[in-house]
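Letters A, B, ... are given to chains in the order of the sequence lines, protein chains preceding strands, and every chain is numbered from 1.
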Amino acid sequence: MSTASNPGPPGTPPRAAFVVAATGRAAFVDDSGAEPVVGPASTLLPRVRAVAEATGDDATGRTRLVWWAATVDARDLVADGIPVARCWDVAEAHRLLHGGWDARPAVAWAAAHGIPVETVPEATRGDLFDFSATDGPPPGAVVRPDGHLDPGAGAAGWEPDDATLVAWARAALECAALQESQLRALGPRAVAAAHSESAAALLCVELARDGLPIDRAVAEDLIARAAGPRPADHADALRIRRERDQVVLREVPGRESTDLRNPGQVRGLLAAVGIDVPNTRKWVLEPFRDTHRVVPALLEWRKAERIATTYGYGWLDAHVGPDDRLRGGWTACDGAAGRMTAQNGLHNLPIELRPAVAAHPGHVFVRADLGQIEPRVLAVVSGDPAFAAATRAADLYAPVAERLGVERAVAKVAVLAAMYGQRSGAAGEALKGLERAYPVAMRLLDDAYAAGVRREPLRTFGGRLIRLDAMLVSEAAGSGADGSAGAGGSEAPASTAAYDSARGRFARNAIIQGSAAELFKAWAATVRATTRDLGAQIVLCLHDELLVHVPAEHAEEASARVERALVDSARRWAGSSQVRFVADTSVIERWSQAKD
DNA sequence: ATAAGTACGTA
DNA sequence: CGTACGTACTTATT
């Protein structure tokens, strides 16, 4: 098999793979021909730290650490607090190159080697325990005779010997080298994107380690306001729940037995007071607020019920640790456009609960959110010089409005409609103005839409593949093809036109949303790297918003570096400073103090 | 047990 | 003014 010497172009920095098996043993292998190191992960960490902390221009100072996936291989070194600056995450590079989310090592390996991914073997118990299998890799290797990576390698229950673990590390190096050359063929931006995505994946492991600082007393108080006091036992919980329900049910005498959690029964209750609705969703009920007192009562009940169930005492107990940190799992990209995701409410905490997110003693938050990021990203992706000129304003809708000769509000609706919406409706005239003023940007949106309709994949600005073949479960839920006045055929409930336009909207949105996610991650990675020496921790990433937990004495310096990081990362990401990006940055003690 | 449907929180 | 995500509860299906 390959010795995985560095096959990149001259000047490619050295790489070293660090991989960890579930047994706790790790291998550290560099591509300079040095002797591999194998042993318990904990004993290898000092060596990894030396590489991670090395500075300067010498070879070791620029070494990029390679692993299959940060969640697995970087766990121990993140737990140890090792500040890795440069890494290559094979899984994230694979997701960038090929789209989708499945990036198991065997899949990334096959794709990197040009082997059809459909032929990747399933991991079975036989791969792990049946040593007589003729199709398995030979002893001390991880590649099978058919060229596939052993699908059992890296899976649960895998117990490699040291030679196999070294082979596993060498395979990661080989994969990274192949991926880099494939990304380079897409353009230099794609290699930079892989670096940035890899840093984001590492940041995700750190986010899961550090958690979001919580003021537990305030959290308890806010929950109590919505869900009532903490129940003493199960019977108490039922009583409190009944009392919460009674506030709604007493508005409709004779219907006290309605189950408010059953939408069908709620519909019946509403019908009894003369409100006939197709469903009981919030926006359907909203117009009936003044029709009957039960409607506002029900809507208030729903908000309280949401906090009581999803963000109640159970949530607090399960996810906020004894150190008052809210923790959840993080992923560096979703399976569609590439935004970060988080679990346990970190990405959808109701605004009412945000006062409970508070810096710990001696610390503050530096909060920064990107202003109007999506139209600014459109200016970069499309390369529209006129639209880029508009981004130089702090409020880009102002120059757009001036150019179109309309009010700012009209210009804003038109831009948003062009980026997200159907190209029709109220903003029609302003949309025509956009076409004339910014033809390059509008053309990009139209082209993306058309590619989506044709099921053709596209790439974000940084090169992430947006696939339109295997996906779009959500298109069935979207738009629904209703409004069919005539009695349609008994089958074909949704027209193909509805599916086509759903794909078109998805594609148009994904290229903007996904490119914005790339810029965001580049920014976050830069903030992480440049504020570490201040004792700063990124504790939340929310699509266009960063929350950094900082020792109070370094608040101003950290703010300045967050702003600086945006200028630098935007210039690197966009390849120029033609398009301006702006952040609203403030120093606060509670997340709720953020102005909006 | 698992899946689908409904509902709603965030950007 | 679209897209994406995660979570919980109910109902239907295996």
Of residues 343-360 of chain A, the positions that come close to DNA chain B - non-hydrogen atoms, cut-off under 4.0 Å: A:His347, A:Asn348, A:Leu349, A:Pro350, A:Ile351, A:Arg354
For A:Glu563, salt bridge (Lys or Arg N to Asp or Glu O under 4.0 Å) partners two or more places apart: none
Secondary-structure stems, DNA chain C, at least 3 Watson-Crick or G-U base pairs under 3.5 Å: B:1-11 with C:3-13
Neighbours of DNA chain B within residues 509-521 of chain A, by heavy-atom distance under 4.0 Å: none
Contacts of type salt bridge (Lys or Arg N to Asp or Glu O under 4.0 Å), residue A:Arg327, not counting sequence neighbours: A:Asp323
Sub-4.0 Å heavy-atom contacts from residues 263-299 of chain A onto DNA chain B, ordered by number: A:Pro263, A:Asn279, A:Thr280, A:Arg281, A:Lys282
Donor + acceptor pair across side chains of A:Trp301, A:Asp245 (<3.5 Å): yes
Partner residues of A:Arg580 under the side chain to side chain contact (heavy atoms under 4.5 Å, CB included) criterion, sequence neighbours left out: A:Arg376, A:Thr391, A:Ala394, A:Val582
Within residues 227-247 of chain A, residues whose heavy atoms come under 4.0 Å of DNA chain B: none
Partner residues of A:Asp215 under the side chain to side chain contact (heavy atoms under 4.5 Å, CB included) criterion, sequence neighbours left out: A:Ala217, A:Val218, A:Ala358, A:Arg590
Touch class at under 4.0 angstrom, heavy-atom based, for A:Arg339 against every strand present: base
Non-neighbouring partners of A:Asp384 that pass salt bridge (Lys or Arg N to Asp or Glu O under 4.0 Å), sequence neighbours left out: none
Outermost nucleotides of DNA chain B that come under 4.0 Å of a non-hydrogen atom of chain A: B:dT6 to B:dA11
Atom pairs and distances, donor-acceptor, side-chain atoms in residues 271-280 of chain A, under 3.5 Å, two or more places apart:
{"from": "A:Asn279", "atom 1": "OD1", "to": "A:Arg281", "atom 2": "N", "distance (Å)": "2.9"}
{"from": "A:Thr280", "atom 1": "OG1", "to": "A:Arg302", "atom 2": "NH2", "distance (Å)": "2.9"}

